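Fair warning: this is a prediction, and the values are worked out from it, not measured in the lab. Lettering follows sequence order; numbering is per chain, from 1.
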4 protein chains.
Amino acid sequence: MSRKSNTEQRRSEIIAAMLIVLAEQGYERATIQAIAKQAQLTPGLIHYHFKTKAEMLMALIAELSAIFQTRYAALASTATTPNEKLLAYINARLAKGKGENPEAVAAWVIIGAEAVKQPEVRALYENAISQELGLLQELLKAHLKSKGKRIKSAPHLAAVMVATMEGVFQLASAAEAVMPKAYAAKTVIALIDRFIELEDHI
Amino acid sequence: MSRKSNTEQRRSEIIAAMLIVLAEQGYERATIQAIAKQAQLTPGLIHYHFKTKAEMLMALIAELSAIFQTRYAALASTATTPNEKLLAYINARLAKGKGENPEAVAAWVIIGAEAVKQPEVRALYENAISQELGLLQELLKAHLKSKGKRIKSAPHLAAVMVATMEGVFQLASAAEAVMPKAYAAKTVIALIDRFIELEDHI
Amino acid sequence: MSRKSNTEQRRSEIIAAMLIVLAEQGYERATIQAIAKQAQLTPGLIHYHFKTKAEMLMALIAELSAIFQTRYAALASTATTPNEKLLAYINARLAKGKGENPEAVAAWVIIGAEAVKQPEVRALYENAISQELGLLQELLKAHLKSKGKRIKSAPHLAAVMVATMEGVFQLASAAEAVMPKAYAAKTVIALIDRFIELEDHI
Amino acid sequence: MSRKSNTEQRRSEIIAAMLIVLAEQGYERATIQAIAKQAQLTPGLIHYHFKTKAEMLMALIAELSAIFQTRYAALASTATTPNEKLLAYINARLAKGKGENPEAVAAWVIIGAEAVKQPEVRALYENAISQELGLLQELLKAHLKSKGKRIKSAPHLAAVMVATMEGVFQLASAAEAVMPKAYAAKTVIALIDRFIELEDHI
DNA sequence: TATGAATGAGTTTTCATTCAT
DNA sequence: CATGAATGAAAACTCATTCAT
């Protein structure tokens, strides 16, 4: 009788360790040895569960997407109106406090830089961004409709909002000291509200 | 007779080569060898002019700041009103077309990720962000005043705008394919205009 | 099933190889490559077992101390009187023949020069010298007492004797050709004997 | 009319700088660049005056020999009896105070280690040691004769004394903290005196 | 003589990956 | 599954030496 496989458990542990090492030490220092140490595993075992380091990075991207998605799901669970859902999304991405995950944010920033020139990373990164764009666009359209506004501007507005979120992540991870405290969520909401308020009616 | 120094020239060449390699190949591949090859110099000579790779990175940050500053200076040179100056700034950072420098943008994104955990890089990055915040705040305040609006919201608005710019850089470098074309400058201007339009009077 | 560790064995092999390379080629030529070749291992493996070259040097100093200590222990094992023990010590350090280890001596000389300016090496070297001083002082005091002589001069005498031993090592390693044959042990013993003979009684 | 050659002056400056760098930083750090910096000259000029680094080392050995010789000459100038000359020699080599040159001593120790395996250095080192042996032997013989003692033991005694001096240099340079203060000259003189006192008459 | 840029071989060290146990 | 030794290629950096100026 074979031992029960613990592969999924191990893969999770490894990815969780990679997330932490990436956030705490940066990409250069995120060696297999360092990840193994963080996970209290051995380098050999890491490679038993992941053929290459690139494969680990792919898994980490999926994990980070799930982490961000989870926060939104939690906040959106009690939202009913389009406006509430939109607010839930923005707060999930930008609000300080409960559910905030600075390590995931830092890891995401580092992956974003890797996406600049690693084609495989870029593909997954683009896919994640694409989903964000799609989701946010839907939320915006629903909100616009509920306000009786035309939805034409939703794609561009969604694009700028996604950019803002990426930028907030970047600055939170690399320039926190020079940024105002808790500036992001409230201001973004105000920007969107006023933009929509002055948008043409259908 | 002593030999004439060409250090400044060489340092410029090396930093220019580093910018290109960073933008084209990412941080991992931006080895001294690769930079030397790009600059058509030998690795030994690189180290003759820069003691360490970190020193090169510092010089590159200064160079990138200068590049961005130059584009703004060019666009602002014909601006007279506060509104024109603000538009010049946003266009300098976000508009496609003349003066655009995608390689500098990509290099900046990669440096932003390095700033997450390299303290020396972070210090320079924070300084650069801090200057952007200060400049943008002044531009916003002048514009708000000229419109008879209170200026209280300028710091948070500036912070979100800087974040947006960083995010636009990130997405332009790592997810261009999934982004709408030329979405950024126009939309950002509209967001600011409407935000200010609905802002309280002094 | 876990693989059995051979770290201790490997570390010993590496240090033994380092000793030989140091003695045969000098410090400059004692590169990781050369040591690896001598040990029939790869450079990478050397660094798997020793994080840095400095760490190897530390281990070598400990090994050399043990080698010298062993020769003394062997000769002293049959000594019963203070005089015999003192003779055993001097012969252990200076006599030609059985138990002599010219490679260890040469390695020690080279380490002594490194101790001039490498603080970590110096600390261990000073510690080793300090132990030699202490041991020799005790042996001298016991001998003086057994002869009914005052022991006041023991510290200075021990210091000069330790210096002489270091010097004999140096000259045996770097100027053997111009030195008389087998001059050291016998002459040193005579010097000490006559010094003590003419020392004041208690 | 050609400029007056300053080659000798420059060579002296370079060797003086090398001595200091060697004493202050050790052999590893005594690079041409470091020596050039110490001498306030350029690396290229160093190689104009010395074809290779080895040649510099040779010149330094000669310089050190001269430095040591000079101190002896100064102390011996007022000595008339064989005993006084012997004392002058021992004090020249071992006494603290006036004319002491710890940097030269440290440099000599480092060269002694290089002599272990660099044949050219070894040749000069052996030559220097050989001269010391010869000189000391003559001084001892003259002293012995004046005391009416047989001179048979002079070679071995001289050899041990030279070893002691080398060892005192070594310990002064690498283990000063653990050695008694000013132990060497006085104790060595006592050792020799008593040895000779108990030596057979002619 | 003197400068200092340039070279290229060499150094220590790192690290993803493999593999015997 | 798990260990950890082992590899080999590549990294940053050093440095004696050369040479155009």
Side-chain angles (χ1 to χ4, degrees), chain A residues 2-7 9-10 28-36 40-56, chain B residues 1-7 9-11 28-36 40-56, chain C residues 1-7 9-11 28-36 40-56, chain D residues 2-7 9-10 28-36 40-56:
Chain A
S2 71
R3 252 186 311 184
K4 186 179 154 210
S5 166
N6 61 355
T7 291
Q9 166 68 10
R10 279 280 183 260
E28 280 188 300
R29 291 238 138 89
T31 66
I32 299 285
Q33 307 269 349
I35 294 163
Q40 292 181 282
L41 299 173
T42 57
L45 189 56
I46 304 273
H47 269 91
Y48 178 80
H49 291 290
F50 293 94
K51 207 163 163 52
T52 67
K53 200 181 172 184
E55 193 187 324
M56 293 172 63
Chain B
M1 290 311 128
S2 74
R3 185 170 174 178
K4 194 175 143 209
S5 170
N6 65 349
T7 289
Q9 166 68 10
R10 277 280 183 264
R11 284 177 64 102
E28 271 195 306
R29 296 222 125 94
T31 65
I32 303 286
Q33 287 276 353
I35 294 164
Q40 290 182 283
L41 300 172
T42 58
L45 187 56
I46 306 277
H47 274 98
Y48 178 78
H49 291 290
F50 292 94
K51 215 164 159 47
T52 65
K53 200 180 171 184
E55 194 188 324
M56 293 171 62
Chain C
M1 292 308 129
S2 76
R3 187 171 171 177
K4 193 175 143 209
S5 171
N6 64 349
T7 289
Q9 167 68 11
R10 277 280 182 265
R11 283 177 65 103
E28 272 194 306
R29 297 222 124 95
T31 64
I32 302 285
Q33 287 277 353
I35 294 163
Q40 291 183 282
L41 299 173
T42 58
L45 188 55
I46 305 277
H47 274 97
Y48 178 78
H49 290 291
F50 291 95
K51 214 164 161 45
T52 66
K53 201 180 171 184
E55 193 187 324
M56 293 171 62
Chain D
S2 72
R3 251 186 312 181
K4 186 178 152 211
S5 166
N6 60 356
T7 291
Q9 166 68 10
R10 278 280 184 264
E28 280 188 301
R29 291 238 137 90
T31 65
I32 300 285
Q33 307 269 349
I35 294 163
Q40 292 182 282
L41 298 174
T42 57
L45 190 55
I46 305 274
H47 270 91
Y48 178 81
H49 291 290
F50 293 94
K51 207 163 163 50
T52 67
K53 200 182 173 184
E55 193 188 323
M56 293 171 63

Watson-Crick or G-U pairs under 3.5 Å in DNA chain F, rendered as dot-bracket with [ ] for crossing pairs and | for another strand: .||||||||||||||||||||
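Nucleic acid contact for C:L45: base, since at least one base atom lies under 4.0 Å from a heavy atom of the residue. If you check every strand for non-hydrogen atoms under 4.0 Å, D:Q9 touches nothing.
Nucleotide E:dA9 holds its C1' atom 13 Å from the CZ atom of C:R29, rounded to whole Å. If you measure from atom CD1 of A:I35 to atom P of E:dT14, you get 17 Å, rounded to the nearest angstrom. Distance CZ (C:R10) to P (F:dG4): 16 Å, rounded to an integer number of Å. Atoms CD1 (B:I32) and P (E:dT13) sit 18 Å apart, rounded to a whole Å.
Each of F:dA5, E:dT3, F:dT17 was ranked by its minimum atom distance to the side chain of C:T7; first place goes to F:dA5. Side-chain proximity of A:N6 to F:dA5, E:dA6, F:dA2: nearest is F:dA2.
Comparing A:Q33 and D:Q40 by the nucleotide of DNA chain E that holds the closest heavy atom to each, the one mapping nearer the 5' end is D:Q40. Comparing D:T31 and C:L41 against DNA chain F, the residue whose closest nucleotide sits nearer the 5' end is C:L41.
Here the CG atom belonging to B:L45 is positioned 11.5 Å from the CD1 atom belonging to B:I32, to the nearest 0.5 angstrom. Once rounded to the nearest 0.5 Å, the distance linking NE2 of A:H49 with OG1 of A:T7 reads 5.0 Å. Atom-to-atom distance recorded for B:Y48:OH and B:T42:OG1 is 12.0 Å, nearest 0.5 angstrom.
Using a 4.0 Å cutoff on non-hydrogen atoms, the parts of residues 47-56 of chain A near DNA chain F are A:Y48, A:H49, ordered by number.
The nearest pair of heavy atoms linking B:A36 to B:P43 is CB-N, 3.8 Å.
Under 4.0 angstrom from either OP1 or OP2 of F:dT7 there lies at least one side-chain N or O belonging to C:T42. In this model, the phosphate group of E:dT3 is not approached by any side-chain N or O of B:S5 to a distance below 4.0 Å at OP1 or OP2.
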side-chain contact (heavy atoms from CB on, under 4.5 Å) between A:R10 and A:L41, intermediate numbers included: CA-CA 9 Å; A:R10 279 280 183 260; A:L41 299 173; 3.8 Å; yes
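Each of A:H47, A:K53, A:E55 was evaluated against A:K51; a single residue qualifies, A:E55, per the side chain to side chain contact (heavy atoms under 4.5 Å, CB included) test.
Residues D:M56 and D:I35 meet the side-chain proximity criterion, which asks for heavy atoms closer than 4.5 Å.
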